[in-house]
**Q** 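My questions all concern the structure below.
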There are 2 protein chains.
Amino acid sequence: MERTFRQPLVMVDTALFTIRDEHLCLILARRQEPPFEGVLALPGGFVHIEEDADTAMAARRVIRHKIGFDAPYLEQLFTFSGAARDPRGWSVSIAYYALIPSSLLDQSQVAEALPAAALPPLPFDHPQIVAHAVERLRSKATYSSLPAFLLPGTFTMNELHRIYEQTIGTRLDKASFRHKILEQGIIEPLSDQFRVGAHRPAQLYRLASKALTPFERKI
Amino acid sequence: MERTFRQPLVMVDTALFTIRDEHLCLILARRQEPPFEGVLALPGGFVHIEEDADTAMAARRVIRHKIGFDAPYLEQLFTFSGAARDPRGWSVSIAYYALIPSSLLDQSQVAEALPAAALPPLPFDHPQIVAHAVERLRSKATYSSLPAFLLPGTFTMNELHRIYEQTIGTRLDKASFRHKILEQGIIEPLSDQFRVGAHRPAQLYRLASKALTPFERKI
DNA sequence: CCTAGTTAAATGTATTTTGCAAATAACATA
DNA sequence: TATGTTATTTGCAAAATACATTTAACTAGG
């Protein structure tokens with residue numbers, strides 16, 4: 001195969017969202033090698049074209065290496081490119097974002113989960129990637145069941161409500177929210193299962209199979 | 001710079017939407033070189049890392065080469081990758097989609113604009129790219145002013161209405177559509193300009209500056 | 001000059017969806 | 001048994017929507 005042009009570095013970077021203390025957080029990794037060795041950054045790595053069927057597989061490898069298991073929700077975000085984004089020269093980074101229920105993370109990993117609103121200075125063009133990822137999550141949250149993937153397998157209506165408010169960043173009416181979510185059928189009640197406490201017990205729900213269907217909208 | 005891994009081919013492909021005879025169409029190009037020489041395909045090309053600031057610039061170059069001018073609307077779509085998509089081996093294609101007002105195209109180019117619903121067999125993974133692009137356009141049309149970019153600079157309310165119906169694929173109530181579009185402020189009337197005919201003249205509109213703001217939505 | 005034909009635009013109204021406030025339910029605990 | 005606490009439901013006004021109809025503003029043809 002003849003190549004009459006130089007070829008760029010191709011890598012993946014991942015924005016891993018989770019919730020900690022009611023705040024939307026990102027899981028960062030301390031870089032093991034130069035450039036920016038020792039600096040906190042988005043987990044990433046090169047695409048291995050001998051092993052990876054596609055770049056999503058590379059992203060899954062990076063995530064598994066970082067948190068030890070697969071993310072319940074993973075989606076390609078945007079591809080960043082150019083000469084300025086990496087000191088090693090012209091490069092392409094296919095960015096992914098994923099949603100990780102904090103219940104699945106152990107303490108050591110949670111230590112590197114920092115609030116998306118107050119991240120340290122990040123290397124490369126990672127601030128841009130984060131901005132895109134937050135924007136995408138916000139946008140999708142308003143018309144899909146995405147935020148539910150930040151919760152563990154079962155959750156109460158109020159937990160779901162709070163997590164939507166967290167990701168969207170605005171208040172949502174409780175009654176309307178409950179009504180709309182139930183009507184969309186993206187979650188289903190676990191019959192006879194409730195979360196107890198010093199108050200009325202709360203119905204437990206789980207994601208329904210049709211959970212990823214976006215809500216219906218009309219012009 | 002040392003590289004301990006093979007690097008993939010990096011290219012861009014473009015899905016160029018336009019409207020012809022009230023149908024949503026894609027502009028195709030006959031391939032000039034192997035593989036698939038002479039076959040109709042999405043316009044594309046390699047990313048030239050010596051010239052292109054980023055892959056969007058490569059996409060703009062491809063589009064300018066195909067239709068002779070820049071697209072009024074261009075957006076990155078998705079990045080496709082893998083060993084199977086191109087017979088030359090593992091590759092990455094950053095796909096873009098663009099909206100082209102048919103009024104700007106001359107006849108020769110229009111000849112290669114074929115209905116998105118009835119395309120010939122396409123090479124590589126171009127069918128997948130087309131599916132993604134149509135899906136994205138549909139989705140965005142329901143909550144943004146995107147379809148207006150398929151129209152010439154000035155247009156009537158009914159033309160806009162028809163183009164929304166075309167891209168979304170469903171009927172939309174005329175009165176509600178008019179009301180909602182005007183309320184969103186994405187278009188503005190050209191005072192004292194009307195399209196005449198053997199009937200009541202229609203007010204002409206143009207895209208307002210805030211045209212790209214997505215519509216407001218709520219859970 | 002009048003009328004039929006045609007498309008644009010506005011209007012009316014029943015229905016549905018939302019926002020907001022309040023009431024009721026179901027506990028644990030003291 | 002009363003009290004505090006959170007869950008869930010209810011009620012209603014306001015806004016948005018779907019659907020049907022009416023009115024407006026022209027041209028063309030007699």
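So that the names make sense, note that chain A is the first sequence line, chain B the second, and so on, each numbered from 1.
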**Q** If the plane angle is over 60° it's perpendicular, under 30° parallel, otherwise tilted; pick one for A:Tyr97 and A:Phe17.
**A** perpendicular

**Q** Do the ring planes of B:His132 and B:Phe80 sit parallel (below 30°), tilted (30 to 60°) or perpendicular (above 60°)?
**A** perpendicular

**Q** Take the protein atom NZ of B:Lys180 and the nucleotide atom C1' of C:dT18, then report the distance between them rounded to whole Å.
**A** 13 Å

**Q** Taking atom C1' of D:dA7 as reference, at what distance in whole Å does atom OH of A:Tyr205 sit?
**A** 10 Å

**Q** Find the distance A:Phe177:CZ to D:dT9:P and express it as a whole number of Å.
**A** 14 Å

**Q** Nearest to the A:Gln203 side chain among C:dT18, C:dA8, D:dT8, which nucleotide is it?
**A** D:dT8

**Q** Side chain of A:Arg178 only, please: which of D:dT9, D:dT17, D:dA16 is the nearest?
**A** D:dT9

**Q** Sorted by first residue and then second, give each ring-ring contact (aromatic ring centres under 6.0 Å, His included) pair with at least one member in residues 101-129 of chain A; sequence neighbours left out.
**A** A:Phe36-A:Phe124, A:Phe124-A:His126

**Q** Rounded to the nearest Å, what distance is computed from the CD atom of residue A:Gln193 to the P atom of nucleotide D:dA7?
**A** 17 Å

**Q** Please determine if B:Arg30 and B:Glu37 form a salt bridge, counting it only when a charged side-chain N lies under 4.0 Å from a carboxylate O.
**A** no

**Q** Looking at OG of A:Ser139 and CD1 of A:Ile168, how far apart are the two atoms once the value is rounded to the nearest 0.5 Å?
**A** 10.0 Å

**Q** Looking just at side-chain N and O atoms, do A:Thr167 and A:Arg138 make a donor-acceptor pair shorter than 3.5 Å?
**A** no

**Q** Given atom NZ of B:Lys174 and atom P of C:dA8, what is their separation to the nearest angstrom?
**A** 6 Å

**Q** Both B:Ala175 and B:Thr156 contact DNA chain C. Taking the nearest nucleotide for each, which residue is further toward the 5' end?
**A** B:Thr156

**Q** Please report, rounded to the nearest Å, how far the C1' atom of D:dA16 is from the CG atom of A:Asp173.
**A** 16 Å

**Q** Could you tell me the separation between the CE atom of A:Met157 and the P atom of D:dA7, rounded to a whole number of Å?
**A** 11 Å

**Q** Rounded to whole Å, how long is the line connecting atom CD of B:Gln184 with atom C1' of D:dA16?
**A** 12 Å

**Q** When you check the phosphate oxygens OP1 and OP2 of C:dT18, does a side-chain N or O of A:Ser176 lie under 4.0 Å from one of them?
**A** no

**Q** Have A:Glu75 and A:Tyr73 got a donor and an acceptor in their side chains that come within less than 3.5 Å?
**A** yes

**Q** Can you check nucleotides 26-28 of chain C for protein contacts, nitrogen or oxygen pairs under 3.5 Å, and list what you find?
**A**
from	atom 1	to	atom 2	distance (Å)
C:dA26	N3	A:Arg200	N	2.8
C:dC27	O2	A:His199	N	3.2

